[in-house]
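First the structure, in the form of structure tokens, and then the observations on it.
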Amino acid sequence: MVTPFRQFVLKLHSRCDLACNHCYVYEHADQSWRSRPKVISAQTVGRVAARIAEHVRRHDVDRIDVVLHGGEPLLAGHERLDEVARELRGALDGDCRLDLHIQTNGILLDERFCDLFAEHGIQVGVSLDGDRAANDRHRLYASGRSSYDQVVRAVELLRKRPEIYAGLLCTIDVANEPITVYEALRKLQPPRTDFLLPYATWDNPPERSSTTAYADWLAAIFERWNADGRPMSVRLFESIIRTARGEASLSEAVGLEPSTMIVIDTDGSYELVDSLKVAYDGAPATGYDVFQHALDEVAAHPGVLARQGGLESLSATCRECPIVTSCGGGLYTHRFRAGSFDNPSVYCADLFKLITHIRDETEVPAHKLPYATLDSLATGFGGAADIERLADAQLSLRRALIAALRARAADGVWELFTRLDRHHREALEAVLAHPYVRVWAVECLSGAGEATYLANIAAAALIRAGQDVTLRVAVEEGAVHLPTVGTLRGVDGDTVTLVAQAGDIGIAGTTGPEWLAVRTVSCGDFSLVLEDADPHRDCHQWPAADRLDESALSTWQRSFEAAWCLIEKEYPQYAQGLRGGLITLTPLAPAPAGRDVSSTARHAFGAVAAALPGDPATLALLLIHEYQHVKLGAVLDLFDLFDKNDTRLYHAPWRTDPRPLEGLFQGTYAHIGVTDFWRTRRNVVRGAARVKAQEEFARWCGHTLAATGTLAGSQALTPLGERFVARMRQTVAAWQEAGEVVTG
Ligand code: SF4
């Protein structure tokens, strides 16, 4: 069974009105153009259309692309182009979608052509190598005259007809300044741009000043394009990004996808990929033509099959290459050396460097946890290094969330992030680590939050880095909040200009707003942000407390200090983990008398929220309990421990209402900490308090053990989940089996 063709390059005219000295048609080994008819005939067009229609019907192809090409296809004239489009659309009508494109040098483009293209739905791509100097390096008339003004005039025509403006095609010359080329192309607002490595083989290598001159040239453009927020599609860069994610390439220049392209010349002969003309005279020839041969016969040609073999068809060097899934050995033609294509690309060093660079710049590092870390966390504990790994993964997650909002950033804000990342990474990461940044980002991506807050995050990082700031920032609930730095309260409007200079933070044009710096609670060398102003903190199951007055702040400080001393002294097995990942304590509104209220939010890694309890020991218990939820939430961000499609409800021994599986899992994991708290507490207190501690330990031990049994029997755990739950159970079962539980 042959692989059907899906892309057809149809030559309409075999000559060109320019004499570009880098053109593969006229300036390289193959000189077959000399014997071709200048213009494709009506008879040949009819045969081409019939052959394509026959092919798509036989293979039930639902969509094809036909690129009208040359030489210069506009030389075929308005009438012939009109005929070609009608013939093709007529032959395929109803059988398959036909996307028509034309690649032109633009010299002859006029309103009449544009009307014709609009009528037939033909997308127009123009070849342009950059600014005037870059373009005039190669793209000249035979007389040596510049073509630049003519081409730009054609592009300007197309900009007025966005429905047919497909984009620009730039052949690289590393002698041109890359950013000047990029800016010149960008100015013309192409929907899509592609950069073409000059046609070359190992026998005719490209001119270069260093072994990776092309990678360096393209990397400079990639960085600017990325920093600009990717204002236009760039096929080469997007293909590399896509293939790194396991998606299909958009271009024959990279990737492992089988080629489904065939060229048909003005005389109706089928040819292999056009760029092979640089390899040797006659290299693209198949010996087949539309008059005598069906496309299925061409599809079985060895030259076609050679470009469809994926990994197996590549050279041994390429097959071993770590980036082969992105590179795919580069363009087929570039592999040619002394009669063989069984080589890496002549641009191998460039491709390797460019692809690696783009992957490094665009991929969120995948976080892997050693089994030892997962097992350690599964016991209910986890040391500082284990929690650090979870915190690193959370940071990557937040970076990915922020990157997903890039397109919605106000002018200049994304560039600030790029600058911060390069020069003040520590300050940026401290702000991104703030628990409620993720809460806001998730809200924003789900359509509920305002992307203007990106500027507040950037401003907070700049202030932390000691930089001056003048930036339009978001106002929420009458305040400008700068995460981890502070809040300006009493601000009108939706956005205002924040000015920060030498430690003074205010709003341009007013002295009114009150500055409320972020405050902390601490014990010895350990401190937490006491978050009582961030508008995104109110995401817990209990309302957040308002800004604390000085007296309430002192009470929190005393309670935290005593609670933390207790944890360090009596619960060192939790202290390490808490130090590694807990950074924020969020006061909640007072709880009803006789009740303790505490909470974590799924997206607020690093924060525990609580209403101030009556005594420090209870605060210690709440911190240990809630931090268990924080840890498990971060594990669940990385791994599937259970079937998320399981909609059954399960009995949790500590509640009257049945719980979804995740709720039961979270509760069980948290209650390992609660059980352990009371287990230790029995040995710390005396008298009635000790009796109570003993009872609480017995109660929670029983509940937690029963719940691990429910989890294990749910048949909804993944293998990793089974392993995790087995270790949770071991921890609690060991306490019971050791005879520690004494009831009555
Ligand atoms: S980088 Fe070089 S070795 Fe690797 S796949 Fe590309 S051409 Fe082959």
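Order of listing sets the numbers, starting from 1, for every ligand and every atom in it. Each residue takes its place number in the sequence, starting with 1.
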Top protein contact for atom 8 (Fe) of ligand 1, by heavy-atom distance: Cys318 SG, 2.3 Å
message: Atom CD of residue position Glu163 - does it have more than 12 heavy atoms of other residues, nucleotides or ligands inside 6.0 Å?
response: yes
message: Starting from atom 7 (S) of ligand 1, what is the nearest protein heavy atom, named by residue and atom, and what distance separates them?
response: Ser345 N, 3.4 Å
message: I want to know whether Phe237 and Phe222 have ring centres closer than 6.0 Å.
response: yes
- prompt: When you check the gap from the basic side-chain N to the acidic O, do Arg137 and Asp129 get nearer than 4.0 Å?
  reply: no
- prompt: Can the ring centres of Phe417 and Trp414 be said to be less than 6.0 Å apart?
  reply: yes
message: Could you identify the single nearest non-hydrogen protein atom to atom 4 (Fe) of ligand 1 and state the distance to 0.1 Å?
response: Cys321 SG, 2.5 Å
- prompt: Any chance the side chains of Asp136 and Ser146 put a donor and an acceptor closer than 3.5 Å?
  reply: yes
query: Would you say Cys348 reaches atom 8 (Fe) of ligand 1 with an N/O/S atom under 2.8 Å?
result: no
- prompt: Heavy-atom contact under 4.0 Å between Gly329 and ligand 1?
  reply: yes
- request: Identify, for atom 6 (Fe) of ligand 1, the protein heavy atom at the shortest distance, and state residue, atom and that distance.
  value: Cys327 SG, 2.3 Å
